[in-house]
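Questions regarding the structure given below will be posed in turn.
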Amino acid sequence: MTRSADTLTLTRPDDWHLHVRDGAALEAVVPHSARQFARALIMPNLRPPVTSVGQAIDYCKRIRDAVPEGLDFEPVMSLYLTDTLPPEEIEAAATAGVRAVKLYPAGATTNSDAGVTDLRKTYKTLEAMQAQGLLLLMHGEVTDPSVDLFDREAVFIERVMIPLRRDFPELKVVFEHLTTREGVDYVREADRFTAATITAHHLLYNRNAIFTGGIRPHYYCLPVLKRETHRLALVEAATSGSDRFFLGTDSAPHPAHLKEHALGCAGCYTALTALELYAEAFDRAGALDKLEGFASHHGADFYGLPRNTGTVTLRRETWTVPETVPYGEATLKPLGGGEPLSWRLA
Ligand code: DOR
Ligand code: ZN
């Protein structure tokens, strides 16, 4: 990493948690990520979900086809865990270069209805993953309606994470989009088989952002933003230099009219300005020197992939994030649209 007062040059970063959808939506958003990142772990929550190696290979090709000429961007593919994903599919996945399997507790979030109803039903598949070295990516929230929405990550640790770690000690697990102090403490104290991604929005905002002056649907995502003490814990973890925490935007595009709706969709669109948003968060914490590890090294190391070669440069420059970008026949509103950012990708 090289740094002057107004520039920051780092190894090309990766996004270890990204939603790019499909069709016209995919074509609209892939160029944004390809400008920012060398690789991205592609989430499999399409309709229908990506549950076979064949589907993952076809999806990967559609993503590659949407990368603009002159940019090089490599999708890293994942499968969607269901109660019935066969262990044989895991062996085929490993052979085909699929790196991970995503666990959505059924009903936890967008396109999760086909998710897991009881983790014990998947144990044969998890055994195959542990044997093949595939990562398990966890949406870490219980779906029990009697548990308060804001407590669902903490309860997930007790009810799901701890038993899972006991039963599969050498399965590599990523606690995705960590949002709480409890989550940070859990990952920090776990062994080297457990890591976590942290989004830019959970580093920059607390739950007040959803309710300031009225309801602001573009700040609504799952797991939902938490109170300030949790945000502070996330900033501390991300900027600590610990290799157990790394960048995953969870950039999740939805058409603006479906977010500004009586039943607004969960998801923040951050891919357009991802690295700038993280730079903002690290800068505010006085920790720009820790950004490269978080954004460009720790994730690749945990995935067992080579670090990228080449660099990107951020410049200190105040500029305004566009309020909307085209999204097929709809529009997409990037998080923080119309507001200033103080770093810009060269
Ligand atoms: O806010 C979210 N949006 N959280 C998720 O877990 C899924 C994502 C999506 O796919 O829209
Ligand atoms: Zn996600």
Side-chain angles (χ1 to χ4, degrees), residues 14-23 25-26 28-30 32-33 37 40-50 59 63 75-81 99-116 135-143 149-150 152-153 156 160 173-180 183 196-205 207 209-210 216-226 246-261 263-272 274 277 299 327-328 330 332-335:
D14 300 310
D15 181 353
W16 294 106
H17 187 134
L18 179 65
H19 299 267
V20 295
R21 317 302 188 203
D22 212 340
L26 178 153
V29 298
V30 165
H32 300 160
S33 289
F37 295 105
L41 188 287
I42 307 297
M43 286 293 150
N45 62 333
L46 303 181
R47 264 183 205 287
V50 181
Y59 187 32
I63 299 166
V76 181
M77 304 310 290
S78 64
L79 294 184
Y80 185 111
L81 188 62
R99 291 282 167 177
V101 176
K102 177 71 185 280
L103 168 100
Y104 288 103
T109 185
T110 309
N111 296 351
S112 64
D113 355 325
V116 172
L135 280 70
L136 178 65
L137 315 180
M138 307 271 262
H139 183 109
E141 288 190 289
V142 295
T143 54
L149 184 80
F150 291 93
R152 289 183 184 178
E153 184 172 290
F156 184 87
V160 184
V173 172
V174 183
F175 204 144
E176 296 293 335
H177 41 50
L178 211 55
T179 64
T180 59
T197 55
I198 303 178
T199 77
H201 43 290
H202 289 97
L203 292 175
L204 288 168
Y205 302 104
R207 65 193 191 180
I210 313 168
R216 294 179 180 250
H218 295 284
Y219 291 89
Y220 172 59
C221 64
L222 287 170
V224 73
L225 294 170
K226 304 296 192 300
F246 51 85
L247 188 157
T249 61
D250 197 17
S251 176
H254 291 277
H257 67 276
L258 294 183
K259 286 196 63 69
E260 297 162 7
H261 190 277
L263 203 63
C265 298
C268 298
Y269 188 65
T270 54
L272 183 70
L277 292 168
Y327 189 59
L332 186 56
K333 295 199 179 165
L335 194 70

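Just so it is clear, the values below take in all heavy atoms, side chains as well, and ignore hydrogens, waters and symmetry mates. All ligand and atom numbering here is 1-based and tracks the order in the structure. For clarity, every value in this text was computed on a predicted model and none was experimentally measured. Index from 1, following the sequence.
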Exercise. Does an N or O from A266, backbone or side chain, lie closer than 3.5 Å to an N or O of ligand 1?
Worked result: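 The answer is yes, given that A266 and ligand 1 share an N or O pair closer than 3.5 Å.
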Problem set entry | Non-hydrogen atoms of A330 and H257 that approach each other most closely |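 For A330 versus H257, the nearest heavy atoms are CB-CE1, 4.0 Å.
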Exercise. Is there a nitrogen or oxygen of G267 sitting under 3.5 Å from a nitrogen or oxygen of ligand 1?
Worked result: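 Yes, there is a polar N/O contact under 3.5 Å.
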Exercise. Which pair of heavy atoms, one from L332 and one from H254, lies closest together, and at what distance?
Worked result: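 For L332 versus H254, the nearest heavy atoms are CD1-O, 3.3 Å.
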Exercise. So which heavy atom on Y59 is nearest to which on I42, and how close?
Worked result: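 In this case the closest contact between Y59 and I42 is CE2-CG2, 3.5 Å.
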Problem set entry | Heteroatom N/O/S of H19 within less than 2.8 Å of the Zn ion (ligand 2) |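 Under 2.8 Å: H19 contacts the Zn ion (ligand 2) through an N, O or S atom.
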Problem set entry | Shortest protein contact, atom 5 (C) of ligand 1 (heavy atom only) |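 That would be T109 OG1, 3.0 Å.
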Problem set entry | Contact summary for Y269 and H32, nearest pair of heavy atoms |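 Closest pair (atom of Y269, atom of H32, distance): OH-ND1, 2.7 Å.
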For this session: Identify the protein heavy atom lying closest to atom 1 (O) of ligand 1, giving its residue, its atom name and the separation to 0.1 Å.
Result: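 That would be L222 N, 2.8 Å.
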Problem set entry | Distance filter under 4.0 Å to A252 heavy atoms, resulting ligand 1 atoms |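 Checking each atom against A252, I get 3 (N), 8 (C), 9 (C), 11 (O).
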Exercise. When you look at K333 and E260, which way does the salt bridge (Lys or Arg N to Asp or Glu O under 4.0 Å) test go after all the steps?
Worked result: CA-CA 10 Å; K333 295 199 179 165; E260 297 162 7; 2.7 Å; yes
Exercise. Closer than 2.8 Å to the Zn ion (ligand 2), do we get an N, O or S atom from H17, backbone or side chain?
Worked result: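 Yes.
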For this session: Consider ligand 1: state whether an atom of it lies below 4.0 angstrom from any non-hydrogen atom of R21.
Result: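 The answer is yes, since R21 has a heavy atom less than 4.0 Å from ligand 1.
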Exercise. With no hydrogens and no angle check, do the side chains of T249 and D15 hold a donor and an acceptor under 3.5 Å apart?
Worked result: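 Per modelled atom types, T249 and D15 side chains form a pair under 3.5 Å.
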Exercise. Can you name the N, O or S atom of D250 that is closest to the Zn ion (ligand 2)?
Worked result: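 Restricting D250 to its N, O and S atoms, the minimum distance to the Zn ion (ligand 2) goes to OD1.
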Problem set entry | Ring-ring centroid check H202 H177, cutoff 6.0 Å |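 Distance test on ring centres: not under 6.0 Å, no.
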For this session: Report the part of N45 in contact with ligand 1, treating N, CA, C, O as backbone and CB onward as side chain, heavy atoms under 4.0 Å; options are side chain, backbone, both, neither.
Result: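 Side chain only.
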Problem set entry | Under 3.5 Å: N/O of H254 near N/O of ligand 1 |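 Yes, H254 has an N/O under 3.5 Å of an N/O on ligand 1.
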For this session: Locate the shortest heavy-atom distance separating Y80 from P44; write the atom from each residue and the value.
Result: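 That would be CD1-O, 3.6 Å.
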Problem set entry | M43: which of H19, R21, M77 passes side-chain contact (heavy atoms from CB on, under 4.5 Å) |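 Passing option: H19.
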Exercise. Taking only heavy atoms of C221, which atoms of ligand 1 are found under 4.0 Å from at least one of them?
Worked result: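 Close to C221: 1 (O).
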Exercise. Quick one: which ligand 1 atoms are inside 4.0 Å of a heavy atom on H139?
Worked result: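 Listed by number with element, the hits are 6 (O).
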